[in-house]
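What follows is a single structure, written as structure tokens, with notes after it.
Below, chain A is the first sequence line, B the second, and so on; all start at residue 1. Because the structure is a prediction, the values reported are computed rather than measured.
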Protein chains: 2
Amino acid sequence: MREPLRADMFDELCPSSLNPVRFGDKWAALIIRCLEDGPRRFSELRVPLSRVTPKVLTQSLRALERDGLITRSVLDARATLHVEYELTALGRSMLEPMAVACAWVEQHWDQLLNAREAYDRAIRFDHAG
Amino acid sequence: MREPLRADMFDELCPSSLNPVRFGDKWAALIIRCLEDGPRRFSELRVPLSRVTPKVLTQSLRALERDGLITRSVLDARATLHVEYELTALGRSMLEPMAVACAWVEQHWDQLLNAREAYDRAIRFDHAG
DNA sequence: CGGTATCCACAAGGATACTG
DNA sequence: CAGTATCCTTGTGGATACCG
């Protein structure tokens, strides 16, 4: 049995939300990471991506499917509807540049945060004086 | 004398516009590449980025500055106004993950394009039938 | 030269309710 | 279960004109 999806980095307050590097639309990178360990159902994806409405989640999934990064499969349609999403080889190959970008963010995010704070402080200072 | 900036990849029809990986806002990656070979003036940046209005270019530059990725320097203010933008060490360090992502896109962009075409064709087919 | 100011268009995302 | 439909809000970017 596969592990349930963790929701740490899906928190809007997660430092990675600082990330200036984006993959696809707003949720694409998170979706890809959700699929990293194997296929997932729509409802499974909705758990960690609870902040994403079904409409938007569908949109993002379609866009990823369109780019050949994931596949959508309808399984066992006779019983209750069962749909699984899974990374393609192409989608899986994207994990590498994503990891590189994530590592960069992780290594530099305190610098980024400090820079932002300093910039915002300087701006406030400008406006005050 | 430094070389003038080329505008190839700034064409909206450039294959790299397919890129699902984005750095910062719409123009951030291009700006960073413009600064790769040294500092540039506002008006110099406007040449290759001719599709970007001054307002938006300023916005993007401010965002990059805020994140500590570039610096803004006012030089020789007594004569005509002279402002230069330059990559910081932090900004320069971003070139590496950017290169990785660009290489991935370059290697896979035909697959991406094919996938999109196939997807769009299938959708049309669905609707027709 | 290096921007701002003002107004505007459109796409992306979201809320809520409903369906095969 | 796996979405759609509808309507709405926001954010991003753009057009145009003007300023120190």
Report yes if a side-chain nitrogen or oxygen of [X] is closer than 4.0 Å to either non-bridging phosphate oxygen (OP1 or OP2) of [N]; otherwise report no.
| X | N | value |
| --- | --- | --- |
| B:Arg62 | C:dT4 | yes |
| A:Arg41 | D:dA2 | yes |
| A:Arg22 | C:dA12 | no |
| A:Ser43 | D:dA2 | yes |
| B:Arg51 | D:dG14 | no |

**Report entry** Upstream residue (5' side of DNA chain D) when B:Asp25 and A:Tyr85 are each assigned their closest nucleotide
**Finding:**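 Taking each residue's closest nucleotide, the earlier one in sequence belongs to A:Tyr85.
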Query raised in the report: Applying the 4.5 Å side-chain criterion to the ILVMFWY set and letting contacts propagate, would B:Val100 and B:Leu95 be lumped into a single cluster?
Result: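 Not linked; separate clusters.
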Measure from [atom1] on [X] to [atom2] on [N] and round the result to the nearest Å.
| X | N | atom1 | atom2 | answer |
| --- | --- | --- | --- | --- |
| A:Arg46 | D:dT4 | CZ | P | 13 Å |
| B:Leu61 | C:dG2 | CG | P | 12 Å |
| A:Leu57 | C:dA12 | CG | P | 16 Å |
| B:Lys26 | D:dG11 | NZ | P | 18 Å |
| B:Leu30 | D:dG13 | CG | C1' | 15 Å |
| A:Glu44 | D:dA2 | CD | P | 8 Å |
| B:Gln59 | D:dT12 | CD | P | 9 Å |
| A:Leu81 | C:dT19 | CG | P | 17 Å |

How far apart are the closest heavy atoms of [X] and [Y], and which atoms are they?
| X | Y | result |
| --- | --- | --- |
| B:Leu49 | B:Leu57 | CD1-CD1, 3.9 Å |
| B:Arg46 | B:Val52 | NH2-O, 3.6 Å |
| A:Glu44 | A:Pro39 | OE1-O, 4.4 Å |

Query - Neighbour count >12 (heavy atoms, 6.0 Å) for atom CD, A:Glu36 - result: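 Enclosed.
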Report task. Let me know, please, whether B:Phe42 or B:Lys55 comes out on the 5' side of the other along DNA chain C by nearest nucleotide. Result ->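 In this pair, the answer is B:Phe42.
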Requested in this report: For B:Val56, report the nucleic acid contact type (base, sugar-phosphate, nothing); a contact means any heavy atom under 4.0 Å.
Outcome: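 The answer is base, as B:Val56 lies within the cut-off (heavy atoms under 4.0 Å) of a base atom.
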